[in-house]
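Reading through the structure tokens given below for one structure.
The first residue of the sequence shown is numbered 1, and numbering continues consecutively from there.
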Amino acid sequence: ANIEIFIGRTPTAQATVSDGVYTFENVTIDASASFDEDGGDVTCRFSVEKRPGLIENFDTDNCIIEYNWSDGSVWNIEVIVTDDELDTDTIDVTASVLNRAPFVNLSVPEAIDVNQFVFADASDSGDIDTISPSGQEVTISWPGLNCNEGTTQPTCTFLANEEGPLTVTAIAEDDDGATTTVTTTIDVLNVAPTISQPELWKAGQNQSTDDMGYWNLNEDETVILRAVAEDTPLDKDSLIIEWKPSDLDDNWTVTTVGPSSQTALSWPSSGLHTLTVVAYDNDNVKSTIRSGVVNISNLPPTIEPLGSTQ
């Protein structure tokens, strides 16, 4: 008797991968071109690396699956093709999945007065394909800013010490090293200077006013008027301080430059004179006007004695 023994050939595994997509986008793994040279049908098992150390298996008759990953990397896939005789062929392929950059939402005030603290907030930032623990998805850096909180915190509090447009930049970096940069502008507003109450000095002493609030002087008695103004560092040295020694003469003015002003004055006419002092910055913004009252006493005339004659 003749015994026929059929020895089937192993199937041939073939697979293509439509990769190069971002996380959470489907990758098609197509092994439908696999075949059995004996003419039979084949089935496929896909062993997909979900994350390091974890494999997911999928059995299909049409030898096609779609899969997506939540983290960017190059992932391994083993395709096992089985024919009717349970012969197998195995092929290893990879899927390249791209990392998504982190997102940043930056919140700052539209405008703020100069020499005030700005609070910049990028805490509404994150990374949808992170594998880091909650709260550690991204780190935020603030180039060019001196943050009270430190250099890699989600918020930044800093002093706006110069007027004009101020650029604020936040950079988010995820656990894959990808970065997203967001930049915005704050309008730092000029503020008016301030000035102290005027002081009147005589013979090296700061003079007090009387019960009426007057400084009492004689006609043509020379004294020193002093006042000190304050402003931002950039404006301070260019401050203009203007004195008007008497409300009785609008044309009488004395001007000095810089934050500290002193000028020697005397009043030629008796009576009450209201003096004022004001500071102007380089934007012509002025301080509050400060004032004082000088009570000038009339001096009686003097007669020089006539010289003796021989």
Minimum heavy-atom distance between Ile128 and Arg100, given as atom pair plus value: CD1-CD, 3.5 Å

Residues Asp38, Arg9: salt bridge by 4.0 Å N-O rule: yes

Nearest-0.5 Å distance, CG of residue Asp127 to CZ of residue Phe103: 8.0 Å

Same apolar cluster (I L V M F W Y, side chains within < 4.5 Å links), Val182/Ile140: yes

Smallest separation among heavy atoms of Val42 and Ser34, with atom names: CG2-O, 3.9 Å

Option from Thr82, Asp83, Thr88 for which side-chain contact (heavy atoms from CB on, under 4.5 Å) with Thr43 holds: Thr82

Val27-Val79 co-clustered via ILVMFWY side chain contacts under 4.5 Å: yes

Closest contact, heavy atoms only, Leu239 versus Asp231: CD2-OD2, 3.5 Å

Test log, rule side chain to side chain contact (heavy atoms under 4.5 Å, CB included), inputs Gln207 and Trp201: CA-CA 6 Å; Gln207 302 299 299; Trp201 288 67; 5.9 Å; no

Asn146 atom CG, over 12 foreign heavy atoms within 6.0 Å: no

Salt bridge Lys202-Glu221, side-chain N to carboxylate O under 4.0 Å: yes

Same cluster (ILVMFWY, side-chain, under 4.5 Å), Val293 and Leu265: no

Check: Asp129/Thr23 side-chain N/O donor and acceptor closer than 3.5 Å: yes

Straight-line distance of Asn295 CG to Leu272 CG, nearest 0.5 Å: 5.0 Å

Separation of Asp283 CG from Leu189 CG (nearest 0.5 Å): 11.0 Å

Derivation of the side chain to side chain contact (heavy atoms under 4.5 Å, CB included) call for Lys244 and Thr276: CA-CA 5 Å; Lys244 287 190 175 182; Thr276 60; 3.4 Å; yes

In one Ile/Leu/Val/Met/Phe/Trp/Tyr side-chain cluster, 4.5 Å: Leu98, Val48: no

Verdict with supporting geometry, Leu217 and Leu200, side chain to side chain contact (heavy atoms under 4.5 Å, CB included): CA-CA 11 Å; Leu217 300 172; Leu200 188 147; 3.9 Å; yes

Intermediate values then yes/no, side chain to side chain donor-acceptor pair (under 3.5 Å), Asp235 and Asn282: CA-CA 7 Å; Asp235 288 348; Asn282 56 6; 3.1 Å; yes

Trp243 versus Thr253, side-chain donor and acceptor atoms under 3.5 Å: no

Audit row: Glu163, Leu234, side chain to side chain contact (heavy atoms under 4.5 Å, CB included) steps and yes/no: CA-CA 9 Å; Glu163 61 192 63; Leu234 290 181; 5.8 Å; no

Residues Glu78 and Thr90: side-chain donor-acceptor under 3.5 angstrom: no

Donor + acceptor pair across side chains of Asn57, Ser47 (<3.5 Å): yes

Distance in Å, Arg226 CZ paired with Thr263 OG1, rounded so as to fall on 0.5 Å steps: 11.5 Å

Side-chain H-bond candidate by donor/acceptor type, Thr183 with Thr169, under 3.5 Å: yes

Polar contact flag, side-chain donor to acceptor under 3.5 angstrom, Asn115-Asn161: no

Nearest heavy atoms of Ile195 and Ser287, plus distance in Å: CG2-OG, 3.5 Å

Asn62 atom CG: more than 12 heavy-atom contacts under 6.0 Å: yes

Ser73 versus Asp71, side-chain donor and acceptor atoms under 3.5 Å: no

Trp142 and Thr151: CA distance, side-chain angles, deciding distance, side chain to side chain donor-acceptor pair (under 3.5 Å) verdict: CA-CA 6 Å; Trp142 305 89; Thr151 57; over 6 Å; no

Ile224-Trp215 co-clustered via ILVMFWY side chain contacts under 4.5 Å: no

Crowding at CD, Glu110 (>12 non-hydrogen neighbours, <6.0 Å): no

Full working for side chain to side chain donor-acceptor pair (under 3.5 Å) between Ser297 and Glu219: CA-CA 6 Å; Ser297 298; Glu219 287 179 348; over 6 Å; no

Distance-only donor-acceptor check, side chains Asp30 and Ser32, under 3.5 Å: yes

Separation of Phe117 CZ from Ile112 CD1 (nearest 0.5 Å): 10.0 Å

Heavy-atom pair with the smallest gap, counting every atom of Pro102 and Ala178: CD-O, 3.6 Å

Spatial distance of atom OG (Ser123) from atom CG (Leu106) [nearest 0.5 Å]: 10.0 Å

Evaluation steps, side chain to side chain donor-acceptor pair (under 3.5 Å), between Asn76 and Asp92: CA-CA 7 Å; Asn76 296 313; Asp92 293 317; over 6 Å; no

Whether Phe58 and Tyr67 hold their rings parallel, tilted or perpendicular, with breakpoints at 30° and 60°: perpendicular

Minimal non-hydrogen separation, Glu49 against Trp69, with atom names: O-NE1, 2.7 Å

